[in-house]
Amino acid sequence: MKTNNTYNIQTLSFKAGKTIFLTDYDYTFKPKLLKESQITHPDIANPYYSCFSNFQKQGKDILDIYITTGRCQDARRSCTKILEDFDELEEANRPIIKGLIDNNGGSFFDIDKMGGKGVLVYNHEYNEQRNKVRLKKSKKELGQNIKKDLDAMIELKKAKKNNDLVIVAGDGDNDKSFLNIFTYIKLPKNSKIPQDIENAKNLLKNKEIKNQIDALPIKILIVEGEVSKDDYYKYLLETFPNKYKYVKQDKKTGENTLFNTIKESIESYKKENKYFKKSLNR
């Protein structure tokens, strides 16, 4: 998203092979295992997050992580507490978080370091650009408010040009628009983004809709929780097995289903996009 502290949604270009991971925090990037045990417990948190940290060390920008949270009441203070979670980890085990978005797609914050601690820095220029995209999408009245999906839309536009991969992950009701694959395609005139099985099936009668979905450089991870119990999202999991993956909540130390599913998603996309694979193998 950033180069030399300057953001440009339309023209910024990266090399192929990057994976952009946009993830909910509570009960997703911070799974129930850690939520209930407290992240400060070193025997659980350090090995869990070291998987992400070690993977990032394999190559520059191999996995860019952005946390997009639903925290909205006193959002900046609440999001600062997320950074404090990671500051409790041993430094070698801290994954690099490139940015944090509060209030269901609200404000984007860079993450800087001050005294060895993570600090949120509001990025005025990039937020102005994001809000222009939000307004443009909202004017189309597609039957769905623009929330966490805003940043996924922006990243997907770039990923299509650059042979990158976007992975989104969430578990709760406030993640639904973010996890709805129809959010990310061009719909026929006067159509709405489906929120139920019947309307989704009707749209899929249009071959072009299916082709658009197949071409999306995205993997959608539905983490065990409210969304995984929803019949519509169960239908999406079954209908698009190449795009959707189910992630169970880890229940014991040593498990890391989210990280393993991210790796599987990257391996899967290497088979779909030869340019992505070629870049990773350089």
Side-chain angles (χ1 to χ4, degrees), residues 1-2 19-56 63-124 126-127 130 147-152 154-155 166-175 177-179 221 223-227 247 249-250 256-259 262:
M1 284 187 182
K2 184 171 73 171
T19 296
I20 300 94
F21 180 46
L22 288 153
T23 179
D24 176 52
Y25 187 58
D26 296 306
Y27 298 112
T28 300
F29 198 51
K30 182 178 181 178
K32 186 178 290 186
L33 175 69
L34 295 179
K35 188 76 175 173
E36 293 177 347
S37 304
Q38 298 303 316
I39 196 169
T40 52
H41 195 299
D43 294 337
I44 301 174
N46 276 291
Y48 183 86
Y49 284 109
S50 69
C51 295
F52 297 94
S53 175
N54 291 337
F55 186 72
Q56 287 178 317
L63 181 67
D64 285 358
I65 301 173
Y66 296 90
I67 294 175
T68 178
T69 175
R71 298 186 181 192
C72 54
Q73 186 174 10
D74 196 3
R76 186 160 188 167
R77 179 179 175 83
S78 183
C79 289
T80 297
K81 289 185 176 297
I82 292 175
L83 301 187
E84 291 172 355
D85 283 349
F86 293 104
D87 288 338
E88 294 291 337
L89 299 171
E90 294 174 11
E91 188 171 357
N93 298 324
R94 295 175 195 166
I96 297 170
I97 311 301
K98 290 253 181 168
L100 195 151
I101 304 128
D102 71 7
N103 198 10
N104 293 317
S107 297
F108 180 93
F109 294 89
D110 292 323
I111 297 177
D112 206 347
K113 289 287 184 182
M114 185 177 296
K117 302 292 184 180
V119 179
L120 296 174
V121 180
Y122 183 81
N123 191 293
H124 292 274
Y126 185 55
N127 278 303
R130 290 173 71 248
K147 296 183 179 179
K148 291 186 178 185
D149 41 319
L150 172 66
D151 294 280
I154 292 169
E155 290 303 317
V166 176
I167 301 177
V168 300
D171 74 296
D173 282 340
N174 63 352
D175 298 316
S177 63
F178 184 54
L179 303 173
L221 311 187
V223 180
E224 180 183 359
E226 294 166 340
V227 178
V247 179
Q249 287 286 350
D250 298 329
N256 199 325
T257 310
L258 179 64
F259 177 71
I262 289 170

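We count residues from 1, following the sequence as given.
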Could you walk me through whether Tyr122 and Phe108 satisfy the ring pair (Phe, Tyr, Trp, His ring centres under 6.0 Å) test, starting with their C-alpha distance in whole Å, then the side-chain angles of each, then the deciding distance to 0.1 Å, before giving a yes or no? CA-CA 7 Å; Tyr122 183 81; Phe108 180 93; 9.3 Å; no

Could you tell me whether Asp26 and Arg71 make a salt bridge, using a distance below 4.0 angstrom between a side-chain N and a carboxylate O?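 Salt bridge between Asp26 and Arg71, a charged N being under 4.0 Å from a carboxylate O: yes.
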
Check this for me, if you would: do Asp85 and Lys30 make a salt bridge, where the nitrogen-to-carboxylate-oxygen distance has to be below 4.0 angstrom?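 Salt bridge present between Asp85 and Lys30.
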
Residue of the set Ile82, Thr69, Ile67 for which side-chain contact (heavy atoms from CB on, under 4.5 Å) holds with Phe29: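 It is Ile67, the one option of Ile82, Thr69, Ile67 that forms the side-chain contact (heavy atoms from CB on, under 4.5 Å) with Phe29.
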
Do the ring centers of Tyr49 and Phe86 come within less than 6.0 Å of each other?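 Yes, close enough.
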
Taking atom types as modelled and ignoring hydrogens, do the side chains of Ser107 and Asn127 form a donor-acceptor contact shorter than 3.5 angstrom?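 No, no side-chain donor-acceptor contact under 3.5 Å.
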
Can you tell if the side chain of Phe109 reaches within under 4.5 Å of the side chain of Val121, non-hydrogen atoms only?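 Heavy-atom side-chain distance check fails, nothing below 4.5 Å.
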
Quick one: are Phe178 and Thr68 in side-chain contact, heavy atoms under 4.5 Å?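 Of all side-chain heavy-atom pairs linking Thr68 with Phe178, at least one is under 4.5 Å.
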
Taking Gly118's backbone N and O only, do any of them form a donor-acceptor pair with Asp87's side chain (distance below 3.5 Å, no angle check)?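 Yes, because the side chain of Asp87 sits within donor-acceptor range (under 3.5 Å) of the backbone of Gly118.
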
Short side-chain to backbone donor-acceptor contact, Asp149 and Ala152, under 3.5 Å: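 Not at all, since once roles are kept as given, no pair shorter than 3.5 Å links the two residues.
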
Working to the nearest 0.5 Å, report the span between CG of Asn46 and CD of Glu91.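 Rounded to the nearest 0.5 Å, the CG-CD separation comes to 12.0 Å.
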
Salt bridge (charged side-chain N to carboxylate O under 4.0 Å, His left out) between Lys148 and Asp175: does it pass, once the steps are laid out? CA-CA 7 Å; Lys148 291 186 178 185; Asp175 298 316; 2.5 Å; yes

